[in-house]
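Not measured: the values here are computed from a predicted model. Every chain is numbered from 1 and lettered A, B, ... according to where its sequence line falls, protein lines coming before strand lines. As a basis for the values below, the full set of heavy atoms in this structure was taken, side chains included, without hydrogen atoms, waters or symmetry mates.
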Amino acid sequence: MLGVIIGVAAVITMIAIVEGGQAWLVHSLERMGTNLLFVWKKRLTVEERHLFAGRNTELRYDDALAIQQRFPDLLVAPIIELDGQLKAGERDYSGRITGTSPEYSEIRNFRPDSGRFISSTDIREWNRSLILGHTISEVLFGSQPAIGEEVKIADQRFTVIGVMEPKGEIYGHNYDEMVIIPISTALRFFKGTDKIQSMIIHVPNRQHMDEISGALHQFLVQRHEGVDDIRIRNQGEFLSAVDQTLLTFRIVLGGIAVIALLVGGIGIMNIMLVTVTERTREIGLRKAIGAKRQDILLQFLIESTTISVIGGCLGILVGILAAYGIGDLVAKAMPGGGDWGAVVQPTAILIAFGFAVGVGVGFGLFPAMKASKLDPAEALRYQ
Amino acid sequence: MLIQLKHIDKIYKAGQVDVPALIDINLQVERGEFVAIIGQSGSGKTTLLDIVGCLSRPTSGEYWLDGDHVNTLPDASLTGIRNRKIGFIFQTFHLLARKTALENVQLPLMYAGASRKAQQDKARELLTRVGLQDRLLHYSNQLSGGQQQRVAIARALANSPPLLLADEPTGNLDSQSGKDILALFEQLHHQGQTIVMITHDPLIAERAERRITLSDGRIVADEPAYQAAPVLG
């Protein structure tokens, strides 16, 4: 029975932990935002520049607005990045300032912790509104509330309207060190042009990513008077690399599960086989006093089924408890692992239970079948 | 006549070599006899008991038990014969350790198809008869050797078989328990029970009324016991 319990528990725990790891990986990818297209301007060669001189070959704020109008289902966030110095009283901070639109927050799944994000009014009225990343807010204001405070960028006075939630670093980009202002304000006060650097576009349906990417490309080339100076990268391409990683993960998971099943199965088998000598004598005795072969097989079938099923149920219980226990430990031990947890799959439970009961009944019944074929005289004196 | 063996041979195969265990055994046992079979170890007495008890089949010869020509019957019929016509008592008791005395005695009744109530009533009666009425619910490992052998005797008597077969029944007991068990056998014998007992101890064989001596697979003597054995002590 112990063998069955350990076997089942081991399989369930291992699968739950690996599944937990996988779920965590998927989740951390989703934090980055999903179904995204990245649009930016391709650098033209000297020849191309010469060739296309006089044509409209820049990525402009208008392009973003036109896309939003032409494809109303998409969320479009134009982006411009500047270097600048922020001053708040005695403290200052030099770094990257991002100008973007209200859609950015939703596209990146990145939301204000307090205050609010850029609004369409901010964009329309070139408001000097400022949103600080979590870390920057601490740099400039310590633990004091930053909302409503004044910050100077160059000679312009900005008002802090929001502080973003902590999000950490994802693929080299530290969200907590972002400084965000309305894109219209950035263009008007710091650039004096309407050239933007890039756009991030969210596509509602992942199946249509390629299709929409193509349509956008065509639309922009048309706006740029036939010059193909646009590059669009599909996050799907990136995600397919991630899918590869996940596939590897699943293969590893499968391997671990098979090994756990084998180890569990061997444990069960051993415990069933250890009692063979004793059981063979018992079978000899039962035959001597009048048990028919089918009486003995039925008895052993019932016995090993009962033991396997009870052991299997206990194993499920132990396995689930162990999985959540270990999951908790991992979550506490891992930096940023707060949302890490074991995932107990019903399939894993079914497979582990079925396999353990199968092995248990098989190895309970098999020696009984062999022993019941012996002469009672032989079985009685089996050593 | 309860037992009739005619020209019984039993040959074991050890690899390529044939090892004869019994050679041309002819033996008759009447109802009500108390027969001791003695011989050195390796003389074939256990093999003979196996054949008489239908636990294995002779290589050749005829075996009649209580009117049945048993060596021609299929395994399933032999199972029934063992259940109803033979009670076994072994040197190592062969009780089931995880069952109580009562449950051990119930087993042959269960395999005979008796109702649970009938099994329990009969088992209780038999255990009372062998003096274990206050040990009914003890597990066999909670009983002394002598008590375990009494349970085994009660089990052997469960289906009131015409033949009781005992294989060194006192071999694992201290001398006092051994005497008590032998006294029980004698008592059963006086009640008309046919008993065939294997032993290597002449003092024990002396308690039987007939003594058969085996040597190298052959019967070398078949005589009334009280004439053959000198009374010691």
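Looking at B:Asn104, neither its backbone nor its side chain comes within 4.5 Å of chain A, counting heavy atoms on both sides. No part of B:Lys85 comes within reach of chain A, as not one of its non-hydrogen atoms sits under 4.5 angstrom from that chain. Using a 4.5 Å cut-off between heavy atoms, A:Glu278 contacts chain B through its side chain alone, with no backbone atom that close. Residue contact with chain A, scored on non-hydrogen atoms closer than 4.5 Å, involves the side chain of B:Arg155 exclusively.
Contact of the B:Ser60 side chain with the B:Ile8 side chain is not registered, since no non-hydrogen atoms from C-beta on lie closer than 4.5 Å. By the 4.5 Å heavy-atom criterion applied to side chains, B:His7 and B:Asn26 are counted as neighbours.
In terms of heavy-atom pairs under 4.5 Å with chain A, the best-connected choice from B:Met110, B:Arg98, B:Arg84, B:Arg57 is B:Arg98. Taking chain B as the reference chain and counting heavy-atom pairs below 4.5 Å, the highest number among A:Lys292, A:Arg286, A:Arg293 is found for A:Arg286. Chain A forms the most heavy-atom pairs under 4.5 Å with one residue out of B:Pro108, B:Ala97, B:Gly87, B:Gly80, and that residue is B:Pro108.
Relative ring orientation between A:Phe363 and A:Phe366 is described as perpendicular, the plane-to-plane angle rising above 60° on a 0-90° scale split at 30° and 60°.
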Step by step, work out the side-chain contact (heavy atoms from CB on, under 4.5 Å) result for B:Val196 and B:Ile37. CA-CA 7 Å; B:Val196 173; B:Ile37 298 175; 3.7 Å; yes
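Side chains of B:Gln91 and B:Glu168: a donor-acceptor N/O pair is absent below 3.5 angstrom, by distance only.
The pair A:Arg279-A:Glu303 counts as a salt bridge, with a side-chain nitrogen and a carboxylate oxygen less than 4.0 angstrom apart.
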